[in-house]
Amino acid sequence: MLKRTFSLIPGILLCGVITVISLGVQAAEERIFDHPYIEALVVAILLGMVVRTAWQPSERWRSGIAFSAKQLLEVAVMLLGASISFAAIVASGYLLIAAIAATVAIMLAVSFGLSRMLGLKTKLAILIACGNSICGNSAIAAVAPVIEASGDDIASSISFTAILGVLMVLGLPLLIPLLKLSATQYGILAGLTVYAVPQVLAATVPAGIVSTQIGTLVKLVRVLMLGPIVVGLSLFVARRKRQTGNAKTVPISPFKLVPWFIIGFLALAALRSFQLVPDIVIAPVTKTAVILTVVSMAALGLGVDVRVLSTVGGRVTAAVTLSLLLLLGLSIGLVHFFR
């Protein structure tokens, strides 16, 4: 245990150095322009990508980078729950919840159909559809064992999805002035289109706390749909196995359907809703979540080599990209109903 802890230090320190530089750049922008045109989150991703493209981290660095990209970002998402009350969910209304569910259902069908039209295998098409419609790599990882997808299918669907996830975090805030989106509208758009819950946090922090809260709530509703979908796929696979004479079923763990940090987020939100979280701690907790997010964005950038684009199959690239563009278009049309 102690040895593993020490093994994380080099990678975490590297992410920390990039974080300090990124925060310094943002602070300089604020002094010069009174407003950061490029947030520390974006600077951290870009710096990480530059370093990763120029240098291949050895095993000494990888464990700490991976820890920063996943666990630290999950902690940041969990801490965000302390600033959110369930009253915000009730205030969002049943219409928004229904719209989120409809968007997921429509995009599942559209992404799957588009992937099949491009000639992709059924299992690969399912992975791409679930990743695009629900929560990116997490959905792919949850669905893959249920449908018994091959390693090649998993790698193909995840590789380009990871890059698009980073590009969405970088590019989505540009739509705020272009489409004249309110904080509420942008939060809904980010929650509907960004792949991972932590990436929603990264994409919405530059737009303010209202966008962050709404985006996270919308994304959580979207993620929670993974459970019914995985259960449905499992039942379908089990039925097919019985029809072919193989009755072995795929076990489903509820802990894999709902990640620990989402449970933590909901628990802190519940404590906040019952006024068990003092107002005085909200600001430092939120600030901690932001700093951890910048550290994680540095790690995320360090995990992306832009040269990998040349190794991803053209049909997979087209399927994932077109699916995301369709999801973005559908979501932009939807947010105009929520002002």
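No hydrogens, no waters, no symmetry mates; every other heavy atom, side chains included, goes into these values.
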Pair Leu327, Ser133 - check side-chain contact (heavy atoms from CB on, under 4.5 Å), show working. CA-CA 8 Å; Leu327 173 62; Ser133 305; over 6 Å; no
Stepwise, does the side-chain contact (heavy atoms from CB on, under 4.5 Å) test hold for Leu189 with Leu328? CA-CA 8 Å; Leu189 180 63; Leu328 186 60; 4.1 Å; yes
Pair Leu268-Leu271, side-chain contact (heavy atoms from CB on, under 4.5 Å): steps then yes or no: CA-CA 5 Å; Leu268 287 177; Leu271 292 175; 4.2 Å; yes
side-chain contact (heavy atoms from CB on, under 4.5 Å), that's the test. Do Ile282 and Arg272 meet it? Break it down for me. CA-CA 10 Å; Ile282 299 303; Arg272 175 66 172 166; 3.8 Å; yes
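Counting only distance, with no hydrogens or angles, the side chain of Ser68 and the backbone of Val295 share no donor-acceptor pair below 3.5 Å. The closest donor-acceptor contact from the side chain of Ser296 to the backbone of Ala69 lies at 3.5 Å or more, if one exists at all. The closest donor-acceptor contact from the side chain of Arg62 to the backbone of Ala66 lies at 3.5 Å or more, if one exists at all.
If you chain together hydrophobic residues whose side chains sit under 4.5 Å apart, Leu172 and Leu174 never meet in one group. Tracing side-chain contacts under 4.5 Å through hydrophobic residues (I, L, V, M, F, W, Y), one never reaches Val20 starting from Ile9; they form parts of separate clusters. The hydrophobic cluster containing Val294 also contains Val17, counting ILVMFWY residues as joined when their side-chain heavy atoms lie under 4.5 angstrom apart, directly or transitively. Clustering ILVMFWY residues whenever any of their side-chain heavy atoms sit less than 4.5 angstrom apart, transitively, puts Phe67 in a cluster other than the one holding Ile291. Under the 4.5 Å side-chain heavy-atom criterion for grouping Ile, Leu, Val, Met, Phe, Trp and Tyr, Trp61 is not connected to Val50 through any hydrophobic cluster.
Taken from CG in Leu326 to CG in Leu330, the straight-line distance is 8.5 Å, to the nearest 0.5 Å. A distance of 4.5 Å separates CD of Gln213 from CD1 of Ile209, quoted to the nearest 0.5 Å. From Arg222, atom CZ reaches atom CG of Leu217 across 14.0 Å, with rounding to the nearest 0.5 Å. Here Cys15 contributes atom SG and Leu72 contributes atom CG; the two are 8.0 Å apart, rounded to the nearest 0.5 Å. The distance from the CD1 atom of Ile134 to the CG atom of Leu108 is 5.0 Å, given to the nearest 0.5 Å. A distance of 14.0 Å separates NZ of Lys287 from CG of Leu79, quoted to the nearest 0.5 Å.
Among all heavy-atom pairs drawn from Leu302 and Leu14, the shortest one is CD1-CD2, 3.9 Å. Nearest heavy atom pair, residue Ala319 against residue Leu114, reads O-CD2, 4.1 Å. Closest approach of Ala82 and Val285 over heavy atoms only: CB-CG1, 4.2 Å. Contact detail for Ile12 and Gly64: the closest heavy-atom pair is CG1-O, 3.8 Å. In terms of heavy-atom proximity, Gln26 sits nearest to Ala40 at OE1-N, 2.7 Å. The two residues Tyr186 and Ala207 come nearest to each other via the heavy atoms CD2-CB, 3.6 Å.
Under the 4.5 Å side-chain criterion, counting only non-hydrogen atoms from C-beta, Lys219 is not in contact with Val194. For the pair Leu170 and Leu46, the minimum side-chain heavy-atom distance is below 4.5 Å. For the pair Val104 and Ile229, the minimum side-chain heavy-atom distance is below 4.5 Å.
Partner of Val43 under the side-chain contact (heavy atoms from CB on, under 4.5 Å) criterion, chosen from Leu23, Val25, Thr19, Ile21: Val25.
Applying the side chain to side chain donor-acceptor pair (under 3.5 Å) test to residues at least two apart or on different chains, the pairs with a partner in residues 98-112 are Ser111-Asn132, Ser111-Ser323.
Under a cut-off of 6.0 angstrom, the local environment of CG in Leu276 is crowded, with over 12 non-hydrogen atoms contributed by other residues, nucleotides or ligands.
Take Lys70 and apply the side-chain hydrogen bond (donor to acceptor under 3.5 Å, both in side chains) test, not counting sequence neighbours, and it matches Glu74.
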